[in-house]
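Below you'll find the structure, written out as structure tokens, and then a few comments.
To find a chain, count down the sequence lines: A is the first, B the second, and so on, and within it residues start at 1. Note that this is a predicted model, so its numbers are computed, not measured.
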Amino acid sequence: MKENNLHIQNTLSRKKEKFEPLAPPFVGLYVCGPTVYSPPHLGNVRTFLAFDIVNRYLRYLGYRVRYVRNITDVGHIANSEGEEVDRIGEQAKKENLEPMEIVQKYTLDFHEVTHIFNMLPPDIEPTATGHIPEQIEMVDRILKNGFAYERNGSVYFNIPEFAKTHDYGKLSGQNIEEQHEGYRELDAQDEKHDVRDFAIWKFTDETHPMRWNSPWGEGVPGWHLECSVMSTKYLGQKFDIHGGGMDLKFPHHECEIAQSLGADGTEPVRYWMHSNMLTMNGQKMSKSFGNSILPRELVSGEHELLDQGYSPMTIRFFMLQAHYSSPLDLSNEALKAAEKGYKRLMEAYKVIQTMPLRDAKNVTDTDKEVNDTIDGIFVEMDDDFNTPKALAHIFELVTVINSYRDNRPEYAGVSKATMERLREVFTATINDILGLKVEETADDNTVDGLMQLIIDIRQNARANKDWTTSDLIRDQLDALELQLKDGKDGTTWTRK
RNA sequence: GGUCGCGUGGCCGAGCGGUUAGGCAGGGCUCUGCAAAAGCUCGUACAGCGGUUCAAAUCCGCUCGCGACCUCCA
């Protein structure tokens, strides 16, 4: 494990705390995954990207991470505007498919999206339907401990009872007494004793194709239960980091805490992390607002709010330029700026892979400055995964790389050892920590050879001062979105 | 109504008590056959009004504006 000073903003304490895993070098990381009834939109991508960085950086530091991210494939009965909705079941009807066909379709879709954005897969990706017996057992433990009651085949978590001995609402800062205000009125048929109670097992009749036998009759597990069960099963009753989008803080994560305490008497999570929302025109991206953009729409540019497409790595870079805990607004202007910045970054990345390094005659203060900038990357990553600041240092190093390549005298005093370190850290930061990669097309090897030939021909023309030919070549290539760059040591090319 | 958070230069976005954030765009310069690329350099911003302090974008109060959550949500 590398020496580190990692601090994490803990939602539970509202403080930045030094990260001390329960059992180093092992780290348990749980992230709430998607409900697979529709394609993931870009807001979902942002959240999973935030925790991809957490996962990657912990691994870079040498921790042995077990990253668990669930797939919610049960049609939980969600209460939407007074209607009871099973989203997977609804979608199945809409598409005329079996619920499990919907689950499969959108699970594959989700995996494809995480793949194009270069996210590392979780180590365990458990499904809710694969853990029905464990969920039933957990309901049973909560019942036995007196924190739940059964009504007509459903089981509800008893918040007033739980709140007698526990602080329900501590994660989200909710005051349970005042919560009554915002709640919908209980209607006459409602089985709950208290509006704040939530279902941990829900009775369903034969109109729901997905249902399971339980000691309380046929039904489905409650939404919050699966995460408690699966995190416990794979990471233990108490584990290191639990992440998710801010909008899950209440009630989902609050309920998870209550369930773990109610079933096992254990405070389940040591560090709670919440990522902020992606907004579009200042509003949270959401299907119900009609302002959500699908990843493939942003890549292709086929969306009424976009005037061009952006590559997956441009989008990833764009998101990393903001801190995960701040809201981020998506706009054409910001994406275009990111596109150019990303390109400059990756050009420097390519340069340093092959750039010859020289022995310095006299090592100057610049050498120390370069080392300090390199150190700065880790100082910032250690500070609650501050990717925008880490990128700021990376860009300072882009200037160092370009200047060194151009033999600028200011960098003559940087030692070969420092440049080797720069190469190593720059490469590792881009690839392993930030998960950015050069986006090459499949035919680049052939094109590379052809381009070298064209560059040689043009070089001959230039040597003969045949500017007509040399400019013709350059302009025609430019029209093909291929850019020539004449440098001191010859000409290189890049895609525009 | 309750809880939490935010308002930074033309745009995006860090910073959260004293020191250059960074990216993009724009101006100037260097290099170059010309251009591009690259490098150097310039802009001097912190919603408003008060207060604390030797010192505030950063702390406190008020005002205005915006957003998230309050059992669908990443």
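Here B:A38 is the nucleotide among B:C69, B:A38, B:C34 with the atom lying nearest to any side-chain atom of A:Asn402. For A:Ser403, the listed nucleotide lying nearest its side chain is B:G39; candidates were B:C69, B:C34, B:G39. Here the side chain of A:Tyr411 is nearest to one of B:C73, B:C40, B:C34, namely B:C40. Here B:A74 is the nucleotide among B:C70, B:G22, B:A74 with the atom lying nearest to any side-chain atom of A:Asp247. Set against B:A21, B:A37, B:C73, the side chain of A:Trp223 has B:C73 as its closest nucleotide.
Close placement of the A:His253 and A:His274 rings is indicated, their centers lying within 6.0 Å of each other. Between A:Phe48 and A:Phe110, a ring centre-to-centre spacing shorter than 6.0 Å is recorded. If you look at A:Phe198 and A:Phe157, their ring centroids are closer than 6.0 Å.
In textbook terms, a nucleotide whose glycosidic angle is within 90° of 0 is syn, and B:G43 is one such case.
If you take atom C1' in B:U20 and the same atom in B:G61, they sit 33 Å apart, rounded to whole Å. For B:G22 and B:G65, the C1' atoms lie 28 Å apart once the distance is rounded to whole Å. Across the P atoms, B:G10 and B:C46 are found 10 Å apart, a figure rounded to whole Å. Comparing the C1' positions of B:A25 and B:C11 gives an interatomic distance of 8 Å, to the nearest angstrom. Straight-line distance between the C1' atoms of B:C4 and B:G9: roughly 29 Å, to the nearest whole Å. Rounded to the nearest Å, the gap between the C1' atom of B:C73 and that of B:C64 is 30 Å. Taking atom C1' on both nucleotides, B:A57 is separated from B:G15 by 9 Å, rounded to a whole Å. Taking atom P on both nucleotides, B:A14 is separated from B:G7 by 9 Å, rounded to a whole Å.
The partner of B:A57 is absent, by the rule that a Watson-Crick or G-U pair needs both atom distances under 3.5 Å. Within the shown strands, B:U63 is the pairing partner of B:A47 under the Watson-Crick or G-U definition, both distances less than 3.5 Å.
There is no side-chain donor-acceptor pair under 3.5 Å between A:Glu369 and A:Thr373.
Listed by chain and number, the residues in a side chain to side chain donor-acceptor pair (under 3.5 Å) with A:Thr314 are A:Ser311 (sequence neighbours excluded).
The aromatic rings of A:Phe147 and A:Phe162 lie perpendicular to each other, with more than 60° between the two planes, well past the 30° mark. The aromatic rings of A:Phe385 and A:Tyr57 lie perpendicular to each other, with more than 60° between the two planes, well past the 30° mark.
Side-chain atoms of A:Arg474 and base atoms of B:C34 include a donor and an acceptor less than 3.5 Å apart.
Each of A:Asp471, A:Asp466, A:Asp486 was evaluated against A:Arg458; a single residue qualifies, A:Asp486, per the salt bridge (Lys or Arg N to Asp or Glu O under 4.0 Å) test.
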Produce a footprint string for nucleotides 9-20 of chain B: one letter per nucleotide, 5' end first; B if the base is under 4.0 Å from any protein heavy atom, S if only the sugar-phosphate is, - if neither. --SSSSS-----
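For A:Lys284 and B:C69, the shortest distance from a side-chain N or O to OP1 or OP2 is below 4.0 Å.
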